Amino acid sequence: MKRVQDGIIPRIVLLIWVFPRGFLLLEKRCVLLLNYCQCCLLQRDYYKVIQYTSEICEFQPDNVKAFYKRAQAHKNVHNYEEAIKDMERALELDPNLNTFAVKFIASVQEERAANDKTDKQMFKNMLTTG
């Protein structure tokens, strides 16, 4: 977390957005965005991660790290279908992720089932007490 306090993130954002897309090479822009997304994951700013990794995926559809980070962010904001889809795409691009991807997808499915159960109970309680 010290890097955030030292002002690294504001400098990265400045580098990314001050220069027009054509000026800053796309490859370097994507690397900077991925680094920024990792900082956003650590800060639990998941919607920024989804936004920026989606931009990266648009320009670099074979970027494993972008799909991986976006899957993590989607899971944390309860977009379970998107999380599974992104992890499957990352696995398709890099078969070495197989063990992790299987565990990740299983954890997403477990979390979705637990949330569904909680939601059912909440709605049941609302109907019986209301």
Side-chain angles (χ1 to χ4, degrees):
M1 297 303 169
K2 185 175 178 177
R3 300 179 92 189
V4 174
Q5 294 168 352
D6 291 342
I8 298 296
I9 288 180
R11 283 187 240 144
I12 290 173
V13 172
L14 183 66
L15 282 172
I16 294 170
W17 295 114
V18 165
F19 298 106
R21 288 183 188 208
F23 188 78
L24 188 61
L25 295 174
L26 187 59
E27 186 78 24
K28 291 186 183 201
R29 179 180 168 81
C30 289
V31 169
L32 288 172
L33 277 174
L34 275 174
N35 288 339
Y36 181 60
C37 287
Q38 184 59 41
C39 295
C40 290
L41 277 174
L42 294 173
Q43 293 294 312
R44 297 181 181 183
D45 196 350
Y46 303 119
Y47 290 104
K48 277 187 184 177
V49 175
I50 293 169
Q51 176 187 355
Y52 295 135
T53 53
S54 294
E55 183 178 328
I56 294 167
C57 291
E58 179 183 335
F59 295 109
Q60 294 181 340
D62 294 337
N63 192 315
V64 177
K65 289 182 182 181
F67 283 104
Y68 172 78
K69 289 180 191 314
R70 190 167 72 176
Q72 290 178 314
H74 275 305
K75 179 184 176 191
N76 285 301
V77 296
H78 309 288
N79 295 335
Y80 301 120
E81 293 301 318
E82 291 86 354
I84 291 171
K85 182 178 152 188
D86 282 343
M87 187 55 71
E88 287 174 344
R89 176 68 177 141
L91 179 59
E92 181 183 313
L93 293 170
D94 185 0
N96 293 328
L97 290 175
N98 187 44
T99 304
F100 177 78
V102 168
K103 288 179 183 177
F104 179 86
I105 291 170
S107 74
V108 169
Q109 291 170 337
E110 287 174 20
E111 189 174 317
R112 178 175 46 191
N115 280 352
D116 288 348
K117 185 177 179 181
T118 302
D119 289 346
K120 281 183 184 179
Q121 187 62 42
M122 181 180 66
F123 290 128
K124 182 179 176 183
N125 289 343
M126 288 171 59
L127 293 173
T128 57
T129 59

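No experiment lies behind these values; they were computed from the predicted model shown.
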How long is the gap from [atom1] on [X] to [atom2] on [Y], to the nearest 0.5 Å?
X      : Y      : atom1 : atom2 : answer
Asn35  : Leu32  : CG    : CG    : 6.5 Å
Gln38  : Leu33  : CD    : CG    : 13.5 Å
Tyr36  : Lys69  : OH    : NZ    : 14.0 Å
Ser107 : Arg112 : OG    : CZ    : 11.0 Å
Ile56  : Leu34  : CD1   : CG    : 3.5 Å
Gln43  : Cys37  : CD    : SG    : 13.0 Å

Side-chain heavy atoms of [X] within contact of [Y], under 4.5 Å:
X     : Y     : result
Leu93 : Asn63 : no
Arg44 : Asn76 : no
Phe67 : Thr53 : no
Tyr52 : Arg70 : no
Tyr46 : Cys40 : no
Asp45 : Val49 : no

How close do Ile50 and Ala73 get, heavy atom to heavy atom, and via which atoms?
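Taking Ile50 first and Ala73 second, the nearest heavy atoms are CG1-CB, 3.7 Å.
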Mind checking what makes side-chain contact (heavy atoms from CB on, under 4.5 Å) contact with Ala83, not counting sequence neighbours?
His74, Lys75, Phe104, Val108
According to a 4.5 Å side-chain heavy-atom criterion applied to Ile, Leu, Val, Met, Phe, Trp and Tyr, with indirect links allowed, do Val77 and Leu41 form part of one hydrophobic cluster?
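The answer is yes; both residues are in one hydrophobic cluster.
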Look at the side-chain heavy atoms of Ile, Leu, Val, Met, Phe, Trp and Tyr, link any pair under 4.5 Å apart, and say whether Leu91 and Ile105 land in one connected group.
no
Let me know which of Gln109, Glu111, Lys85 forms a side-chain hydrogen bond (donor to acceptor under 3.5 Å, both in side chains) with Tyr80.
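Answer after filtering Gln109, Glu111, Lys85: Glu111.
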Can any side-chain N or O of Asn79 pair as donor or acceptor with the backbone N or O of Glu82 at less than 3.5 Å?
no
Between Gln51 and Tyr47, is a side-chain hydrogen bond (donor to acceptor under 3.5 Å, both in side chains) present by the stated rule, with each step listed?
CA-CA 6 Å; Gln51 176 187 355; Tyr47 290 104; over 6 Å; no
Does the distance from a Lys or Arg side-chain N to an Asp or Glu carboxylate O, for Glu92 and Arg89, drop under 4.0 Å?
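Counted as a salt bridge, because a side-chain N and a carboxylate O are separated by less than 4.0 Å.
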Give the C-alpha distance, both sets of side-chain angles, the deciding distance and a yes or no for side-chain contact (heavy atoms from CB on, under 4.5 Å) between Gln72 and Asp86.
CA-CA 9 Å; Gln72 290 178 314; Asp86 282 343; over 6 Å; no
